[in-house]
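Below is one structure, written out as structure tokens, with a few remarks after it.
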Amino acid sequence: MERAREVGANTFQIFSSSPRMWKAPKVDPAQAARMRDLRAKHDVGPLVIHTSYLVKRVQPDGGCAQEERVCVPW
């Protein structure tokens, strides 16, 4: 958030967890509230969450991996 403000950005993109792991940790409610407050204070939005690097929508057999169905539900 601070870096976006420093460069004059009014939106930014983040990874909400490690881009190389399927299992994401639970979001700390206090950190989420701080992010909302900072975005409102500095008029920054929208915030975009970048998906995992592991997502490959189609597998060789034409299907999708179970992990991908959970990560990207469309």
Side-chain angles (χ1 to χ4, degrees):
M1 176 69 224
E2 287 83 7
R3 179 72 179 129
R5 192 174 138 246
E6 287 172 11
V7 299
N10 62 0
T11 188
F12 62 101
Q13 177 174 289
I14 64 169
F15 286 102
S16 61
S17 63
S18 170
R20 296 187 174 118
M21 297 177 62
W22 284 117
K23 186 169 175 75
K26 290 187 177 187
V27 174
D28 178 347
Q31 287 182 332
R34 182 169 185 264
M35 177 65 82
R36 281 191 300 272
D37 292 346
L38 286 169
R39 288 178 56 219
K41 177 181 176 181
H42 299 294
D43 194 28
V44 173
L47 170 62
V48 179
I49 305 296
H50 194 294
T51 193
S52 169
Y53 289 140
L54 301 173
V55 175
K56 293 178 276 179
R57 292 304 299 151
V58 179
Q59 299 296 315
D61 66 1
C64 293
Q66 180 61 33
E67 293 88 352
E68 291 170 352
R69 287 189 194 103
V70 172
C71 184
V72 183
W74 68 83

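- Leu47 and Leu38 fall within the same hydrophobic cluster, where Ile, Leu, Val, Met, Phe, Trp and Tyr residues are linked whenever their side-chain heavy atoms come under 4.5 Å apart, directly or through other members.
- For residues 37-46, every residue pair satisfying the side chain to side chain donor-acceptor pair (under 3.5 Å) rule, not counting sequence neighbours, is listed here: Arg5-His42.
- Here Ala30 pairs with Asp28 under the side-chain contact (heavy atoms from CB on, under 4.5 Å) rule; sequence neighbours left out.
- Linking Ile, Leu, Val, Met, Phe, Trp and Tyr residues whenever their side-chain heavy atoms come within less than 4.5 Å leaves Ile14 and Val7 in two separate clusters.
- Applying the side-chain contact (heavy atoms from CB on, under 4.5 Å) criterion to Val48, with sequence neighbours excluded, gives Gln13.
- Listed by chain and number, the residues in a salt bridge (Lys or Arg N to Asp or Glu O under 4.0 Å) with Arg34 are Glu2 (sequence neighbours excluded).
- Contact between Ala32 and Val27 at its shortest, heavy atoms only, is CB-CG1, 3.9 Å.
- Annotation: ring pair (Phe, Tyr, Trp, His ring centres under 6.0 Å) contacts of Phe12 (sequence neighbours excluded): none.
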